[in-house]
Amino acid sequence: MLLCEIPELFAQDEKLEYLKEKAPTLKSWHLTVRQACDLDLILNGAFYPLTGFLSKDEYNSVCENMCLTSGDLWPIPINLDVSENFADMIKPGEEIALRDQEGVILAILTVEDIWSPDKALEAENVFGSNNTEHPGVSYLKHKAGSVYVGGSVIGVNKPTFYDFKALRDTPNELRKKFNELGWSRIVAFQTRNPLHRAHYELTHRASEEFQANLLIHPVVGMTKPGDIDHFTRVRCYEAILHQYPRSSTCLSLLNLAMRMAGPREAILHGLIRANYGCTHFIIGRDHAGPGLTSDNKPFYEPYKAQEFFERFQDKININLIKFKNFVYVEDKAQFEAINEVPIGAKTLEISGTELRRRLNNDLPIPEWFSFPDVIRELRRSRPPRNQQGFTVFFTGLSGSGKSTIANALLNMLLEIGDRPVTLLDGDIVRKRLSSELGFSKEHRDLNIRRIGYVAMEIVKNGGIAICAPIAPYEQTRKAVREEIQSFGSFVEVYLSTTLEVCERRDRKGLYKLARLGKIKEFTGISDPYEVPQSPELEIDSENSSVEHCASEIMLKLRSLGLLGARV
């Protein structure tokens, strides 16, 4: 049976020309990365039957009942979150332009609702948790705007992608391709990680057992902070595509912003693949799960996503394929589902953590675990830790010794000379990058995020960034850490020197002025300093020399494997 087209939401002909002429007169919202991904999938039909960002009634219905007001199954709210300032500028019935980060208009939204959501309730309903260790909860509470805007959208321009263009198919483009190939049974495999031999065996077996062709459909929008970048992952997928039987497998990329919502997200992924024309969908042990909490407990129980999916199977136009975890059975020299392994047989596994350790330390990775071409790509993008870029991020009160120790550390690292080193001192950054900023919480956050962005670019290119701001807020430091750890290591050094000692050292007279009320919002006096929860290193500089403090940091860097053996 031929696959039919599904509705897209792009304007055509006269309507399109009219909207392009009208767009410059409208108020504009510049989309975040997540919102741009969501809008892309709304417009191209991957999020069908959505016709825009959820209204307040739809949002409540999805959160509480997992369905739209029409009764259609929908498990996760797709919201346009904005700032309070922007929300105050618009009203229901108004049209606004949705633009990408470069200012290109992508769509026009007709505002239906504007409201402030109960994010704690949303977190409990969608993620089953209010724990901000969960990346979805953390994003919701710390990054998403405080006001939601709901309404229908109509597309003006399609998003532009310059990478892997031949692999970026819309639902209708894939449906057309399946029709041309004569595929009527298609198994979809969702992934946000490189494919290793266990994944290959699992997908190959699913294709054979269900006599279906295979769609490898990895997410390249937003995944979990710290995941391997999509450029590396796609090269890994391309490297093993020839391992599958010729003409039986297709690779296509999905511009999805994952929420890591486990069971609920498994249903969303199934609905998306049905819209792409797939007939079967593989769900494994911890589908779309974020892993473990800090006390080593899973956010979602193993195979919970499979059980949840089965409960709603009659409302999802795709067949569930359940698989247990695959392990390598040494005696058989092959992979088996864990429930099929003979009693007493020796099994081998390499976790993601163990794989990263081997890559970081340039240790062997056995061929039973992964294909040589995949390992080659991973080693290209993730060299041994002592060759990677990293950030040393100082934080502490004014006068705690950050700048002085950072300068000593700079010279010690430059003496080694194996990587470029850059010092981003708080005072210098304020003069060069943030001279227009004040000292409100919003401006302090923006200043630290600018420092973090520059450090990220340095680390991305294999350099060492030393950052020495006050950085008083824990959540901002955490956000900077997440960004940098996508490309290298982040070493937080907390200068715990007491306020009394810092005041005695006050060479600039700032504390005195703050005590007199002449400097407002001064950290430690009239503005709080949030003590780091788990820094890599804590130093009290009161009774230690600068050389001793810098040497302690060098020893820590060496113990973390960030410096070569000759240091």
Novice: Within 45° of the ring axis of F371 and under 6.0 Å from its six-membered ring centre, is that where the NZ or CZ of R197 lies?
Specialist: yes
Novice: Would you please test E536 and R481 for salt bridge (charged side-chain N to carboxylate O under 4.0 Å, His left out) and show each step?
Specialist: CA-CA 12 Å; E536 279 70 22; R481 176 188 288 270; 2.9 Å; yes
Novice: Do L355 and H196 make a side-chain contact, defined as non-hydrogen atoms from C-beta onward lying under 4.5 Å apart?
Specialist: yes
Novice: Side chain to side chain contact (heavy atoms under 4.5 Å, CB included), that's the test. Do L54 and L68 meet it? Break it down for me.
Specialist: CA-CA 9 Å; L54 298 189; L68 302 171; 3.9 Å; yes
Novice: Under a plain distance cut-off of 3.5 Å, with no hydrogens placed, do D445 and Q475 share a side-chain donor-acceptor pair?
Specialist: no
Novice: Salt-bridge test for R205 and E340: reply yes if a basic N is under 4.0 Å from a carboxylate O, no otherwise.
Specialist: yes
Novice: Atom NZ of residue position K176 - does it have more than 12 heavy atoms of other residues, nucleotides or ligands inside 6.0 Å?
Specialist: no
Novice: Before you tell me yes or no, could you show the steps for I228 and E377 under side chain to side chain contact (heavy atoms under 4.5 Å, CB included), namely the whole-Å CA-CA distance, both residues' side-chain angles and the distance that decides it to 0.1 Å?
Specialist: CA-CA 11 Å; I228 293 172; E377 287 295 338; over 6 Å; no
Novice: Please verify the inter-ring angle class for W115 with Y148; under 30° counts as parallel, over 60° as perpendicular, anything in between as tilted.
Specialist: perpendicular
Novice: For atom OH of Y48, is the number of surrounding heavy atoms from other residues, nucleotides or ligands below 6.0 Å larger than 12?
Specialist: no
Novice: Applying ring pair (Phe, Tyr, Trp, His ring centres under 6.0 Å), which residue pairs with at least one partner in residues 235-254 are found, sequence neighbours left out?
Specialist: Y200-Y244
Novice: Under a plain distance cut-off of 3.5 Å, with no hydrogens placed, do S55 and D57 share a side-chain donor-acceptor pair?
Specialist: no
Novice: Could you tell me which residues satisfy salt bridge (charged side-chain N to carboxylate O under 4.0 Å, His left out) with R175, sequence neighbours excluded, listed by chain and number?
Specialist: none
Novice: Apply the test side-chain hydrogen bond (donor to acceptor under 3.5 Å, both in side chains) to residues N193 and R233: give CA-CA distance (whole Å), side-chain angles for both, the deciding distance (0.1 Å), then the verdict.
Specialist: CA-CA 7 Å; N193 294 307; R233 289 190 286 113; over 6 Å; no
Novice: So does A36 get a backbone contact from the side chain of D40, meaning a donor-acceptor N/O pair under 3.5 Å?
Specialist: no
Novice: What is the minimum heavy-atom distance between F127 and H134, and which atoms define it?
Specialist: CD2-CE1, 3.4 Å
Novice: For the pair E354 and R357, find out whether any cationic side-chain nitrogen is under 4.0 Å from an anionic carboxylate oxygen.
Specialist: yes
Novice: Can you tell me if E265 uses its side chain to pair, donor with acceptor, with the backbone of M260 under 3.5 Å?
Specialist: yes
Novice: Assess whether atom CD of E64 is packed by more than 12 heavy atoms of other residues, nucleotides or ligands within 6.0 Å.
Specialist: yes
Novice: Hey, what's the ring geometry for F164 with F231, parallel, tilted or perpendicular (30° and 60° as the breaks)?
Specialist: tilted
Novice: Can you tell if the side chain of F161 reaches within under 4.5 Å of the side chain of N255, non-hydrogen atoms only?
Specialist: yes
Novice: To the nearest 0.5 Å, what is the distance between CZ on R380 and OG1 on T232?
Specialist: 8.0 Å
Novice: Compare all side-chain heavy atoms of C236 with those of L378 and state whether any distance is below 4.5 angstrom.
Specialist: yes
Novice: Can you confirm whether L3 sits close enough to Y276 that some side-chain heavy atom of one is under 4.5 Å from a side-chain heavy atom of the other?
Specialist: no
Novice: Is V374 close to L195 at the side-chain level, that is, under 4.5 Å between some pair of heavy atoms?
Specialist: no
Novice: Once the angle between the rings of F189 and H199 is folded into 0 to 90°, is it parallel (under 30°), tilted (30 to 60°) or perpendicular (over 60°)?
Specialist: tilted
Novice: Have a look at H280 and tell me which of W183, F323, F210 forms a ring-ring contact (aromatic ring centres under 6.0 Å, His included) with it.
Specialist: F210
Novice: Drop me the distance from N44's CG to L39's CG, to the nearest 0.5 angstrom.
Specialist: 9.5 Å
Novice: Count the heavy atoms of every other residue, nucleotide or ligand shown that sit under 6.0 Å from CD of E84, and state whether that count exceeds 12.
Specialist: no
Novice: Counting neighbours of CD on E209 that are heavy atoms of other residues, nucleotides or ligands and sit closer than 6.0 Å, is the number greater than 12?
Specialist: yes
Novice: Once salt bridge (charged side-chain N to carboxylate O under 4.0 Å, His left out) is applied, what residue pairs with a partner in residues 140-161 remain, sequence neighbours excluded?
Specialist: K143-E482
Novice: Any side-chain heavy-atom pair from V187 and T203 closer than 4.5 angstrom?
Specialist: no
Novice: To the nearest 0.5 angstrom, please state how far the CG atom of N213 sits from the OG1 atom of T249.
Specialist: 7.5 Å
Novice: Between D81 and Q35, is a side chain to side chain contact (heavy atoms under 4.5 Å, CB included) present by the stated rule, with each step listed?
Specialist: CA-CA 8 Å; D81 54 285; Q35 292 166 352; 3.1 Å; yes
Novice: Tell me whether the rings of F47 and W74 are parallel (<30°), tilted (30 to 60°) or perpendicular (>60°).
Specialist: perpendicular
Novice: Would the number of heavy atoms belonging to other residues, nucleotides or ligands and lying under 6.0 Å from NZ of K478 be above 12?
Specialist: yes
Novice: Going through the distances and angles, do L31 and D100 end up as a side chain to side chain contact (heavy atoms under 4.5 Å, CB included)?
Specialist: CA-CA 5 Å; L31 300 165; D100 66 16; 5.7 Å; no
Novice: Under 3.5 Å, side chain of R34 to main-chain N/O of M222, donor-acceptor pair present?
Specialist: no
Novice: Considering the options I272, L214, N317, I186, which one meets the side chain to side chain contact (heavy atoms under 4.5 Å, CB included) requirement together with C278?
Specialist: I186
Novice: Tell me if a side-chain donor or acceptor on E349 pairs with a main-chain N or O of F369 at a distance below 3.5 Å.
Specialist: no
Novice: Check whether any side-chain heavy atom of L215 lies under 4.5 Å from a side-chain heavy atom of S252, and answer yes or no.
Specialist: yes
Novice: Around Q101, counting heavy atoms of other residues, nucleotides and ligands shown, do more than 12 lie under 6.0 Å from its CD?
Specialist: yes
Novice: Please determine whether side-chain hydrogen bond (donor to acceptor under 3.5 Å, both in side chains) holds for the pair S70 and D72, giving the CA-CA distance in whole Å, both sets of side-chain angles, and the decisive distance to 0.1 Å.
Specialist: CA-CA 6 Å; S70 63; D72 290 319; 3.0 Å; yes
Novice: Classify the ring geometry of F281 against F309: parallel below 30°, tilted from 30° to 60°, perpendicular beyond 60°.
Specialist: tilted
Novice: Side-chain contact, heavy-atom cut-off 4.5 Å: L268 with R259?
Specialist: no
Novice: Assess whether atom CD of E173 is packed by more than 12 heavy atoms of other residues, nucleotides or ligands within 6.0 Å.
Specialist: yes
Novice: Run the numbers on E307 and K322 for salt bridge (charged side-chain N to carboxylate O under 4.0 Å, His left out), then give the verdict.
Specialist: CA-CA 9 Å; E307 299 169 12; K322 298 190 295 183; over 6 Å; no
Novice: Is the positively charged end of R477 above the ring of F393, judged by distance under 6.0 angstrom from the centroid and angle within 45° of the axis?
Specialist: no
Novice: Taking the six-membered ring where the residue is Trp, are the ring centres of H287 and F308 under 6.0 Å apart?
Specialist: no
Novice: How long is the span from the CZ atom in R192 to the NZ atom in K224, to the nearest 0.5 Å?
Specialist: 6.0 Å
